[in-house]
Amino acid sequence: MGSQSGSRVTGVVFMLCGLVLLGGGISSSVAYGQLNPTFYDETCPNLTSIVREIVGQVLNNTDPRIGASLIRLHFHDCFINGCDGSLLLDNSPDIQSEKEAVANNNSARGFDVVDDIKTAVENACPATVSCADIVTIAATESVTLSGGPTWSALLGRRDSRTANLSAANVSIPGPFETPDQLKAKFTPLGLNSTDLVSLSGAHTFGRAQCRTFSQRLFDFNQTGALDPTLDTTYLEQLRQICPQNGNGSVLTNLEPTTPDGFDNNYFSNLQDLKGLLQSDQELFSTPEADTIEIVNAFSASQQAFFDSFVESMIKMGNISPLIGTLGEIRLNCSRVSRTGAYVAAM
Ligand SMILES: *[C@@H]1O[C@H](CO)[C@@H](O)[C@H](O)[C@H]1NC(C)=O
Ligand SMILES: *[C@@H]1O[C@H](CO)[C@@H](O)[C@H](O)[C@H]1NC(C)=O
Ligand SMILES: *[C@@H]1O[C@H](CO)[C@@H](O)[C@H](O)[C@H]1NC(C)=O
Ligand SMILES: *[C@@H]1O[C@H](CO)[C@@H](O)[C@H](O)[C@H]1NC(C)=O
Ligand SMILES: *[C@@H]1O[C@H](CO)[C@@H](O)[C@H](O)[C@H]1NC(C)=O
Ligand SMILES: *[C@@H]1O[C@H](CO)[C@@H](O)[C@H](O)[C@H]1NC(C)=O
Ligand SMILES: *[C@@H]1O[C@H](CO)[C@@H](O)[C@H](O)[C@H]1NC(C)=O
Ligand SMILES: *[C@@H]1O[C@H](CO)[C@@H](O)[C@H](O)[C@H]1NC(C)=O
Ligand SMILES: *[C@@H]1O[C@H](CO)[C@@H](O)[C@H](O)[C@H]1NC(C)=O
């Protein structure tokens, strides 16, 4: 990981060594500041199946978009001070909520599902599992339930007691950005061009609002012309959905071939100039970009995409975790817990 996360982790190693001696049961990998897949095996053995069940019910019964929305929550959480649940905090006298950042306001969603999972997890294992880990598992299970790869999320994160709205305003990748602009946001977090392309592959499912791409259809980059990197048939279809000066909140599929499936069609669509967002299409269409050959490799092999996606999700999930005694285990994901007195009162 980047030096940022490295230094934060190093700072608690000695403290954690003490905990390992006292606790006895804590996995030795924790002593080196790492997350691990067995973190809750003793304290909340059914955690993953509880999360999978709730996400599966929502996906099946009420909201086929929720998998994509939950991955986006994890992503937008991890990019701001690491994966610490900061995005889940509501406004309060001490918190300026990241939910109101440009990239989140009226688009980040799934908070109600996270709350439902948290309630079920608190019933099974009170005051044990962080909201940051719940979001991580929900994102992981969403991929598997939608036809993507299966892996065990690394766990042991704790929740922040702060949020950073100004960082959220400037650090989350945006839909109009070029590969170089995107890389400038990924690189400081220890994520390289392979991670950029594989994580962009999460746009294999979910929906996007017209406002995130409609300038491509009418007045691209304020040139008065159309986006030359957009297939003309697809462009006409999109104009039907998103007419000029129409409702910018109307939704369309991010990946038109298999809208709710997690697969590698996103990449073949980019090769066919059918990437919905400018930031997607430019991974393939920007001359000389080092992302082009990665798009081609993932289009040629779904397995290569899946393997890389899992690795990149784990790398992203490792950004600056709060571990040991840092942060806290929130009881309500939307607000910081106060003190031990609050826990005792529950
Ligand atoms: C764990 O979940 C299984 C089914 O998923 C259930 O049979 C079992 O009772 C649960 N165990 C606990 C301790 O809740
Ligand atoms: C969702 O639907 C699939 C396919 O029909 C089924 O196998 C699975 O058990 C369902 N999951 C839930 C949680 O209802
Ligand atoms: C967020 O969206 C709400 C509802 O549209 C709006 O009232 C509010 O002003 C927005 N907040 C910011 C910071 O833009
Ligand atoms: C963040 O962006 C919102 C617009 O979504 C703006 O209203 C707010 O003032 C910005 N806040 C900070 C701290 O940058
Ligand atoms: C919030 O993020 C901004 C910009 O990334 C940074 O300058 C500032 O120090 C952060 N504030 C806190 C309290 O961490
Ligand atoms: C990105 O990092 C991964 C290891 O995490 C490595 O396998 C991959 O080759 C790197 N990609 C680039 C373009 O350097
Ligand atoms: C958009 O316009 C700006 C300024 O003219 C230019 O620097 C940039 O390369 C253009 N972007 C694309 C994708 O054409
Ligand atoms: C715009 O579209 C959204 C999403 O379909 C809808 O909820 C909203 O009511 C529409 N607004 C107007 C003014 O039609
Ligand atoms: C969690 O906290 C929020 C305040 O951010 C509050 O609106 C909500 O009712 C709380 N949920 C529960 C279950 O107490």
Side-chain angles (χ1 to χ4, degrees), residues 1-6 34-35 63-65 68-69 76 78 80 86-92 95-109 111 149 151 154 163-172 174 179-180 182-201 206-214 238-254 259 267 276 282-284 286 288-301 303-319 334:
M1 283 303 88
S3 55
Q4 205 186 355
S5 57
Q34 290 164 3
L35 305 172
D63 185 0
R65 281 172 89 185
S69 301
H76 287 197
C78 291
I80 308 307
S86 57
L87 172 56
L88 307 175
L89 292 171
D90 283 341
N91 277 319
S92 73
I95 300 290
Q96 269 195 297
S97 179
E98 293 171 16
K99 293 178 185 180
E100 292 202 41
V102 186
N104 294 329
N105 203 35
N106 300 313
S107 70
R109 62 193 295 280
F111 297 109
W151 76 101
L154 303 192
N164 192 333
L165 173 61
S166 57
N169 272 351
V170 298
S171 302
I172 297 174
D180 280 346
L182 296 170
K183 280 190 246 176
K185 293 181 175 179
F186 277 67
T187 305
L189 302 174
L191 301 174
N192 65 24
S193 295
T194 308
D195 301 311
L196 167 59
V197 177
S198 60
L199 292 170
S200 296
R207 314 284 180 265
Q209 299 182 36
C210 289
R211 70 176 86 255
T212 60
F213 61 87
S214 57
L238 293 174
R239 282 180 156 198
Q240 301 298 316
I241 299 163
C242 307
Q244 192 158 25
N245 304 318
N247 179 346
S249 303
V250 168
L251 298 170
T252 194
N253 297 324
L254 268 161
F267 299 102
L276 184 67
E282 290 198 18
L283 297 174
F284 180 76
T286 298
E288 316 278 310
D290 69 349
T291 48
I292 298 171
E293 64 180 281
I294 306 169
V295 170
N296 289 336
F298 293 166
S299 174
S301 166
Q303 194 59 49
F305 166 48
F306 281 5
D307 291 347
S308 186
F309 184 79
V310 171
E311 185 178 340
S312 298
M313 284 288 279
I314 290 171
K315 279 171 87 171
M316 183 175 79
N318 269 323
I319 298 170
S334 316

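Hydrogens, waters and symmetry mates are skipped; everything else that's a heavy atom, side chains included, is used. One-based numbering, in listed order, for ligands and for the atoms of each.
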*Asks:* Please check if any side-chain donor atom of Asn164 sits under 3.5 Å from a side-chain acceptor atom of Ser166, or the reverse.
*Replies:* yes

*Asks:* Kindly tell me which protein residues have any non-hydrogen atom under 4.0 angstrom away from an atom of ligand 3, grouped by chain and ordered by number?
*Replies:* Glu100, Asn105, Asn106

*Asks:* List for me each residue that meets side chain to side chain donor-acceptor pair (under 3.5 Å) alongside Arg207, sequence neighbours excluded, and say none if there are none.
*Replies:* Asn253, Asp260

*Asks:* If we check ring-ring contact (aromatic ring centres under 6.0 Å, His included) with Phe267, which of these qualifies: Phe306, Phe305, Phe284?
*Replies:* Phe305

*Asks:* Can you sort out the partners of Asp195 under side chain to side chain donor-acceptor pair (under 3.5 Å), two or more places apart, ordered by chain and number?
*Replies:* Ser312, Lys315

*Asks:* How many angstroms lie between OG1 in Thr291 and CZ in Phe298, if you round to the nearest 0.5 Å?
*Replies:* 11.0 Å

*Asks:* Give the numbers and elements of all ligand 6 atoms closer than 4.0 Å to a heavy atom of Glu311.
*Replies:* 3 (C), 4 (C), 5 (O)

*Asks:* Considering distance alone, does some N or O of Ser193 sit under 3.5 Å from an N or O of ligand 6?
*Replies:* no

*Asks:* With Glu100 as reference, evaluate Asn105, Asn91, Asn169 under the side chain to side chain donor-acceptor pair (under 3.5 Å) test and give the passing residue.
*Replies:* Asn91

*Asks:* Return each pair, listed once, that meets salt bridge (charged side-chain N to carboxylate O under 4.0 Å, His left out) where at least one residue sits in residues 243-252; pairs must be two or more places apart or across chains.
*Replies:* none

*Asks:* Would you check whether Lys315 has a nitrogen or oxygen atom less than 3.5 angstrom from a nitrogen or oxygen atom of ligand 6?
*Replies:* yes

